[in-house]
Every structure is written in structure tokens, then in C-alpha cells.
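Lettering follows sequence order; numbering is per chain, from 1.
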Protein chains: 2
Amino acid sequence: MDEDSLQGRADARHDLGRNLTRGMLDSLGRAIVVGRFEGRPFPTEAEIAKAHGVSRSVTREAVKMLTAKGLVSARPRQGTVVEPSSNWNLFDPDVLRWLMERKFSVDLLRHFNQLRIAIEPEAAALAARFHEPADLATIRAGLHRMEAAEDGNDDPLDADIAFHVAILRASKNPFYAQFQTVVATALQTSIRFTNRIKGRSANIADHAAVADAIAARDVDGARTAMRRIIGDVLELIASRPEVEA
Amino acid sequence: MDEDSLQGRADARHDLGRNLTRGMLDSLGRAIVVGRFEGRPFPTEAEIAKAHGVSRSVTREAVKMLTAKGLVSARPRQGTVVEPSSNWNLFDPDVLRWLMERKFSVDLLRHFNQLRIAIEPEAAALAARFHEPADLATIRAGLHRMEAAEDGNDDPLDADIAFHVAILRASKNPFYAQFQTVVATALQTSIRFTNRIKGRSANIADHAAVADAIAARDVDGARTAMRRIIGDVLELIASRPEVEA
DNA sequence: TGTTGCATATAGTATGATAAATCGTATACG
DNA sequence: CGTATACGATTTATCATACTATATGCAACA
């Protein structure tokens, strides 16, 4: 692409961002997730370093981070190997992002929402029991943003995400809070999918019902109201097995 | 160990296992989770290296793995800082283990099971829909191990874990499969707690009900049967707010 | 035929030097 | 006096190189 090519020098640093290690992590992570090393063996430290024109330290630290996320494992003499995807830490934001950046998959979207329908109704129920005043304010703020988005005064996707994230946090259970990334990713993906299928106007009433139930400390009401929201999405996906990228 | 000790050198390598980086990761991870750097600043690379008698490479790679798990973040001149625990990747097996190794906490146990009551009933429902013959065999094998444990021919805890894990995997949703670690950890912890409170004999009937419902592809039956199992545990915890370590 | 031992490839560790980024402070300027 | 600019110091980031540990496979040997 630039002068480096003329010398045939292996210097691919422009691919990686300002932070070389971080860039290498991203590059390798994406490559693994798209299955580039399926038949092939994972390259050795020296090969990676040479191919990307960076030092061995950088590649080592990137590979270490991949091990920390469960994508690879390394042993002397045997080399570094890609772990089966069942060992990948799917709730890691990076891993999740790499999964989304590859070819769009309805399966993944369905799996996302199968998870959401377990988590979010229960999170709403917990929120109804344990929320504090500040949480309620945040939830209602999300709702108002959704209404504002109706008139084009806010981004509907951001507003939707803010609402759901607020409920996860209001559950006062740190494990539920972890799903922020998953939910955000799921929503960002589904928007591509459900984009113009139907207006999201009716949805606001459903969301308001959740907020009201939580405010009223109605545990079962919050759960069923939230279940309705996700259930709608899930049906939408199920009814369209085929999809355009 | 050897002559090095005679020189009074700072060599704490005996604390770390065979793999220095891995040992350092463990050491630092535990220290962070127990809050050893709450008021204090996180030590610099050079300090860690000197304190543990290892090279900077080792400490750097360990710290990189910690950042990959969300425990710390590092920037030049500013140093390395411990992230707020809301950024920790709680579903990482290492992080989960460090959390358990510290002082026993009823809160944590409650949070575990609040999560389980969302995940596992839905996993059972999905398993009823999507399981394959091999999954059913694995589930039943877990059940048989529980029965064997009744007569002292197997470890009851391992058997219980095997059963629950089998259902997570039978859901055919990779996100649910991720909870294996959480469930295993939760069970290993609760056993300490519920140990002698009541016999686990009645429990086998409940577990068998789940297996039967899954086999019969009874989606709702599987869900409610599983809900009963976890609900029992949750009540048990709620009824005993105080606990001995 | 089986076992031992050696050569080799690869990740692991050590060391020291340089680069980059940022914070605090001092200094110059308005 | 206040504000902006320049400099210095600290810490991570990167590089380069050497050496160690470990496991694999082959070959010599009993």
C-alpha cells in the first residue's frame, strides 16, 4: 500500500492502531473468530512478529491476552493452538465484538435473545424488589429518551439500550449487570434486522409497563411485562428464518 | 532452595507455580479481588518484578492478562490502576475462583443463585426443545451418579454438577453453556453452606422430574421442574441470613 | 521390540535500552 | 495576577537479544 511494499518489507503496522499490542490482539482475535486457523496451525510468535513488523514482546502480550479470554492456549515446543469455541469467554466484550464483526448470523441473534428472555425478565423482577430511587430515575430517563426518539430528537437505538441497561443495573446483582454488553450488542444487531419490519411505536407502551411495575414494586408484573418485550423480538426472529446480510 | 537465598535476594518465586506468568497472574488477581490496593496505588512494573524476584516480562504479561479480564487498566505515566469491580469480567473462571477464594460471602451465594434461577429453568426448557439423544444420555448419567452417591458410591457434589452442566449443554445455546463455571462454583460453594441442613435425598426426585420432562420434550414442565430445584436452594439461603464462615 | 537418550523447535524468562505519553511544575507572556 | 507554553520526570510501551525450559520425534541401543 505504501513505500514499505516496495522493499517487500513485512511491516503491517498500519493495520494496528496506535497501541500495537491492542491492535495485534484485535487482529488475531478477529482472525481466530472467523476461523482463519481452522486447518492451519496457529503461527509461532516469531512468525507473527515478522508478519506484522512488530517485536516479539508485542505478539507475546497479545497472545497472552487471547489466552486470558480463552481463545488460545500455548505450550513450549507444541506451540499455540486455538481452543474449541466452547472454551471462549463469550461474555468478554472483545470476543462478543469479534463475533459480530464477522458475517451476520441469524443463529447468533437467536442465541442472544434466548439468553435475554431468561435474564431480562428476572432482572426486572429483581429490580422491582431491590431498586433504589436513583435507579428508577435512570429507568424513566431511558423511557423519556425513547419518547424523544419518536419525534426524532434522540437516537432510538441508544435510548432503547439505555433503558434495558438501567434495569439490569437496578437488579443490584453484579452478575446481571454483566449482561450490559450482551444486551447492547444484541440490540445493535437486531436493529439491522428488525429495522423496517414494523414501527417501534407500540413498543413504548410495553416499556412503560415494565417501568411502572418496577416503580410499584410489582415483582411478577415487571417480569411478565419484560417477557412480553423480548418475546416479541424472539417471535420476529423465528418467523424469518432466512435473512439478507 | 538454593544459593540465591543466601544473598538475601528478593526471590518470592516459590509462591508462584511452575509457570511464573501464570503464578503472577494468580497472585495479583487474588490481591486485587481481596481489595489489597483499595487505598494504595497499584505497584509499578518494576516494583512488582523486584518484589517477586521475576523479570519485567513476566509481570507485564501477567498485567496484560489482568487487563484482558477487566481487572486493571494501564496508561503511560499514570500507571496501572484497578478498575471498578463493575468492569471485572465476572464470568471469567479465574475471576470467579478468586472471588470464591476470598472470605466466604452469603451475598455472593445469593447472587449466584439469583442468576441460576434465571438461567437454568430456561436452559431446561431449551433442552426440552433442542436436545439430541446423546444429551439425554449424559443427563441421565448424571442422575444415575446422584443415585449412586446416595449409597456412597460416588461423590454427590460432582454428580450434582454433572447433571446441571449436562442440561446447560443440551440447550444447544453456547451462551448457556458458558454458565458451567458459574454453576459449578455456585454448587461447590453452597455445599459448604447447605451441607448438613437437610438430606439431599428428596432432591433426586426433583432432578428426575426435570430429566423426564426434557425427555418428553415438555418445555414448560422442564422449566417449572428446574425452577423448583433452584427455588429450594434460594429459600434455604434467604432463611438463613447469618452464617458461620 | 521396546527403551533410552539426544537433537530440535517453540514458548518462557531475563535484561537493558529507547520511545511515547502524560502529569506536574516552572517559566514566560499578556 | 492569570494564563499559556515549555520543560522535566515518571511510567508504560516497544524493541532487541540472549538464554532457559519443555516437549516432540527420531535414532541409537539393549
Side-chain angles (χ1 to χ4, degrees), chain A residues 4 7 9-28 32 37 40-83, chain B residues 1-5 7 9-28 32 37 40-83:
Chain A
D4 286 342
Q7 316 178 355
R9 228 181 92 213
D11 190 351
R13 300 213 265 195
H14 25 20
D15 292 341
L16 326 171
R18 325 165 176 254
N19 190 321
L20 292 186
T21 303
R22 175 78 218 177
M24 184 69 80
L25 171 67
D26 246 71
S27 170
L28 292 175
I32 291 172
F37 308 111
R40 256 169 302 260
F42 196 82
T44 67
E45 288 174 356
E47 287 168 347
I48 298 175
K50 182 144 93 171
H52 290 74
V54 297
S55 73
R56 228 185 112 199
S57 319
V58 171
T59 76
R60 274 192 63 78
E61 285 167 16
V63 168
K64 279 296 176 189
M65 294 179 82
L66 289 173
T67 8
K69 293 173 189 300
L71 297 208
V72 304
S73 67
R75 291 163 62 184
R77 165 71 198 184
Q78 171 177 332
T80 304
V81 295
V82 175
E83 289 280 303
Chain B
M1 304 310 224
D2 54 2
E3 317 83 325
D4 286 341
S5 319
Q7 313 178 359
R9 237 181 81 213
D11 192 350
R13 302 212 264 196
H14 26 11
D15 292 340
L16 327 171
R18 332 172 168 248
N19 191 319
L20 293 186
T21 303
R22 174 77 217 178
M24 184 68 81
L25 171 67
D26 246 71
S27 169
L28 292 175
I32 291 171
F37 308 111
R40 257 170 300 261
F42 197 82
T44 68
E45 290 175 359
E47 288 169 347
I48 298 175
K50 181 145 91 171
H52 291 75
V54 297
S55 72
R56 251 187 81 207
S57 321
V58 171
T59 76
R60 276 193 63 77
E61 286 167 17
V63 168
K64 281 296 179 189
M65 294 180 82
L66 289 173
T67 65
K69 294 174 188 299
L71 296 208
V72 304
S73 67
R75 292 166 61 183
R77 163 70 197 183
Q78 173 176 330
T80 304
V81 296
V82 175
E83 289 280 303

Original post:
Tell me: CG of A:L20 to C1' of D:dA16, nearest whole Å?
Top reply: 15 Å
Subject >> Interatomic distance where CZ belongs to A:R60 and P belongs to D:dA16 [whole Å] >> reply: 17 Å
**OP:** Could you tell me the separation between the NZ atom of A:K50 and the C1' atom of D:dA16, rounded to a whole number of Å?
**Re:** 16 Å
Original post:
Which atom names give the shortest non-hydrogen contact between B:L28 and B:A62, and what distance separates them?
Top reply: CD1-CB, 4.4 Å
**OP:** Considering just the side-chain nitrogens and oxygens of B:Q78, establish if one lies under 4.0 Å of OP1 or OP2 belonging to C:dC23.
**Re:** yes
Original post:
At under 4.0 Å between heavy atoms, what does B:S57 touch on the DNA or RNA strands: base, sugar-phosphate, or nothing?
Top reply: base
Original post:
Does a side-chain N or O from A:R56 land closer than 4.0 Å to OP1 or OP2 of D:dA16, or not?
Top reply: no
Original post:
So, the side chain of B:E47 versus the backbone of B:T44: is there a donor-acceptor pair under 3.5 Å, distance only?
Top reply: yes
**OP:** Would you mind telling me which residue lines up with the more 5' stretch of DNA chain D, A:N19 or B:E47, judged by nearest nucleotide?
**Re:** B:E47
Subject >> Side-chain N,O (A:T44) to OP1/OP2 (C:dA9) below 4.0 Å >> reply: no
**OP:** Could you pick out which residue, A:R75 or B:R77, lies toward the 5' side of DNA chain C when each is mapped onto its nearest nucleotide?
**Re:** A:R75
**OP:** May I have the distance from B:M24 (atom CE) to C:dG12 (atom P), rounded to whole angstrom?
**Re:** 15 Å
Subject >> Intermediate values then yes/no, side chain to side chain donor-acceptor pair (under 3.5 Å), B:T59 and B:E45 >> reply: CA-CA 6 Å; B:T59 76; B:E45 290 175 359; 5.4 Å; no
Original post:
Of all heavy-atom pairs between A:T80 and A:V63, which one has the smallest distance, and what is that distance?
Top reply: CG2-CG1, 4.3 Å
Original post:
Taking NE2 from A:H52 and C1' from D:dT14, how many angstroms apart are they, rounded to a whole number?
Top reply: 16 Å
**OP:** Rounded to the nearest angstrom, tell me the gap between atom CZ in A:R22 and atom C1' in C:dA21.
**Re:** 18 Å
Original post:
In whole Å, what is the span from the CD1 atom of B:I48 to the P atom of C:dA14?
Top reply: 14 Å
Subject >> B:K64 side chain to A:K64 backbone, donor-acceptor under 3.5 Å >> reply: no
**OP:** May I ask you to verify if any side-chain N or O of A:K64 is less than 4.0 angstrom from the OP1 or OP2 atom of C:dG12?
**Re:** yes
Original post:
For the side chain of B:V58, counting heavy atoms from C-beta on, which of D:dT12, C:dG12, C:dT13 is nearest?
Top reply: C:dT13
Subject >> Separation of D:dT12 C1' from B:E61 CD (nearest whole Å) >> reply: 15 Å
Original post:
What nucleotide among D:dT11, C:dT13, D:dG25 has an atom nearest to a side-chain atom of B:P76?
Top reply: D:dT11
**OP:** Taking only the side-chain nitrogens and oxygens of B:S55, find out if one of them lies under 4.0 Å from OP1 or OP2 of C:dA14.
**Re:** yes
